[in-house]
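Reminder, nothing fancy here: chain letters follow the sequence lines and each chain counts from 1.
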Protein chains: 2
Amino acid sequence: MAIPESELQALFMHTITGLKISMKNIMKDKALSLSPLYFMLLKTIHDTENCTANYLADATERDKGQITRLVKEMMQQGLVQKQPNPHDKRSQFLQLTESGLGCFEQLAIADQAVLKEMRANVSDDELTTFLEIGNKMLQNLHKINGKP
Amino acid sequence: MAIPESELQALFMHTITGLKISMKNIMKDKALSLSPLYFMLLKTIHDTENCTANYLADATERDKGQITRLVKEMMQQGLVQKQPNPHDKRSQFLQLTESGLGCFEQLAIADQAVLKEMRANVSDDELTTFLEIGNKMLQNLHKINGKP
DNA sequence: TAATTTAATTGATAAAGTCAACTATATGAG
DNA sequence: CTCATATAGTTGACTTTATCAATTAAATTA
C-alpha cells in the first residue's frame, strides 16, 4: 500500500515524462530539430512582452549561462532575434522572428491538441479543482525551496 | 488570459522542477553524492521485489543502456548488488545493500517530509481528488503516446 | 565618483539521454 | 529437437542538458 504522498510524486514524474515524449513525437512528425526545452523557451518568449534573457532564465528555472547558449542556438536557427532594451544597455529583448513564430504556432497547436486529449474525460470543474490544488501545492513547494 | 490546458502544463513543469530542487537540497544537506535520478532508482529497487534492470528501465522510463551504467555506478558506490535470477540466466535481481538501504531510508524520510509539507494545507479528500484526476489524465497521456 | 549590483557571456566540466550494435540466453513454431 | 526469433542486458559513440565559477560592461547607490 503506497503512501499517498509518494503517489503524488510518481504522478508528477510520469506525467512530465509523458508530456516530453508526446512533444518529442510531435517534433519528429514535423521534422523540427527542436526539443521540449526549446518549445518551453519559444513559448516563454512568445508569451512575454519584452522578454529578457534574465527573465527567461527565471521563468524556465534554467541557468543563465545555459540560456545564453540556448538563445544563441535559436538565433542561429533563425527563430529568435534580439532588440536593444532602451532602458538598459546591458540587456536585450528577445522576440520570435517570423519563422520562429510560425514554428512556435505549429508546435503550440499540436501541444494544445495533446493537452486537450489528455483532459478529454475531465470536466472543466474537475480541471479547475485540479489546478487549484496543484497550484496550492506548488506555492508550498516554492516556500520550502526558499523562493521569494 | 491563459488557456487552462497550458496552465496544466506549466503546473507540471514547475512542480517537477521544484521537487528536483528540494531533493537536491536534501542530498546536499546529507552530503550524498547522488541526484534525484538516483533516488528514483533506489526507490524503485526498494519498492520492487525481484527488480530486474529491465523492469527498472521500464518503471523509470529510462533507456536500458543508461540503466546499465547507472546501476554500475550504484554498485561501485556500494549501494546496490545483484542476485542471479533463478528463472532466467540473462537477468539478475537488483537489491539494495545494507548501506544502500540506509541511504535510501534517509532520503525517503526527507522526501516524505517535503511532500507532507507540500500538501500541508491540502485535505485528504482534496489529495485523493487530485490524484484521481491526475491519474485519469496520465492514463490518457499514455494512450496518446501509444503505451500498451 | 567610487563601490557595489546586475545582465549577459564564456569556459570548463559533469550529468543525463539517445541510438544502434552486440552477446547470451529464452522461447516458440515447425 | 532445432532453428528462427525475441528478450535481458551490455557497450560504444555521441548529443543534449545542466552546473558553476569567472569575466565584461552597464546600472545603481552610497
Enquirer: If the sugar-phosphate is the primed atoms plus P, OP1 and OP2 and the base is the rest, what is the B/S/- string for nucleotides 3-13 of chain C, using protein heavy atoms under 4.0 Å?
Expert: ---BBBBBBB-
Enquirer: Once the angle between the rings of B/Phe130 and A/Phe130 is folded into 0 to 90°, is it parallel (under 30°), tilted (30 to 60°) or perpendicular (over 60°)?
Expert: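 Parallel: the ring planes of B/Phe130 and A/Phe130 meet at under 30°.
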Enquirer: Would you check if the side chain of B/His46 reaches a backbone N or O of B/Leu42 as a donor-acceptor pair within less than 3.5 Å?
Expert: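 No; zero donor-acceptor contacts below 3.5 Å.
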Enquirer: With side chain to side chain contact (heavy atoms under 4.5 Å, CB included) as the test, pick out the partner of A/Ser91 among A/Asn54, A/Asn85, A/Asn50.
Expert: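 The side chain to side chain contact (heavy atoms under 4.5 Å, CB included) with A/Ser91 is passed solely by A/Asn85 among A/Asn54, A/Asn85, A/Asn50.
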Enquirer: Take atom CG of A/Leu41 and atom P of D/dT16, then tell me their distance rounded to the nearest Å.
Expert: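 Rounding to the nearest Å, CG of A/Leu41 and P of D/dT16 are 15 Å apart.
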Enquirer: What integer distance in Å separates B/His87:NE2 from D/dT7:C1'?
Expert: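 In whole Å, D/dT7 C1' lies 17 Å from B/His87 NE2.
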Enquirer: Is the shortest distance from a Lys or Arg side-chain nitrogen in A/Lys136 or B/Glu126 to a carboxylate oxygen in the other one below 4.0 Å?
Expert: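 Salt bridge: yes.
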Enquirer: Can you see if the side chain of B/Arg62 gets near the phosphate of C/dG17 - specifically, an N or O under 4.0 Å from OP1 or OP2?
Expert: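 Indeed, a polar side-chain atom of B/Arg62 lies that close.
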Enquirer: D/dT15 P sits how many Å from A/Leu34 CG, rounded?
Expert: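 From A/Leu34 CG to D/dT15 P: 17 Å.
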Enquirer: Starting at atom CD1 of A/Ile21, determine the distance to atom C1' of C/dG17, rounded to an integer number of angstrom.
Expert: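 Rounded to whole Å, this separation is 12 Å.
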Enquirer: Quick check on the helix from C/dT1-D/dA30 to C/dG30-D/dC1: what's the angle between its two end axes, five base pairs per end, to the nearest 10°?
Expert: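 Computed from the C1' atoms at both ends, the axes differ by 30°.
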Enquirer: For A/Glu98, look at atom CD and say whether over 12 heavy atoms of other residues, nucleotides or ligands are found less than 6.0 Å away.
Expert: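 Atom CD in A/Glu98 is not packed in, count stays at 12 or less.
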Enquirer: Answer yes or no: is there a donor N or O on one side and an acceptor on the other, between the side chain of A/Ser99 and the main chain of A/Leu79, under 3.5 Å?
Expert: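 Flag not set: sc A/Ser99 to bb A/Leu79 has no pair under 3.5 Å.
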Enquirer: Figure out the CE/P separation between A/Met13 and C/dG17, and round it to whole Å.
Expert: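 Interatomic distance, CE of A/Met13 to P of C/dG17: 12 Å.
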Enquirer: Could you tell me how far apart B/Gln76 (CD) and D/dT10 (C1') are, to the nearest whole angstrom?
Expert: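 Rounded to the whole Å, the gap is 14 Å.
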Enquirer: Starting from C1' on D/dT17, measure out to CD on A/Glu73 and report it in whole angstrom.
Expert: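 Whole-Å distance recorded here is 13 Å.
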Enquirer: Could you report the tightest heavy-atom contact between B/Asn140 and A/Arg119, atom names first, then the distance?
Expert: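 That would be ND2-N, 4.4 Å.
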Enquirer: Pick base, sugar-phosphate or nothing for A/Leu37, based on heavy-atom distances below 4.0 Å to the nucleic acid.
Expert: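 Touches sugar-phosphate only.
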Enquirer: Taking atom types as modelled, is there a side-chain donor on B/Gln92 or B/Gln83 under 3.5 Å from an acceptor on the other?
Expert: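 No, no side-chain donor-acceptor pair sits under 3.5 Å.
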Enquirer: So, the side chain of B/Asn135 versus the backbone of B/Leu131: is there a donor-acceptor pair under 3.5 Å, distance only?
Expert: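 Yes; judged by distance alone, with no hydrogens or angles, the pair exists.
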Enquirer: What is the distance, rounded to the nearest whole Å, between atom NZ of B/Lys20 and atom P of D/dT17?
Expert: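 Rounded to whole Å, this separation is 12 Å.
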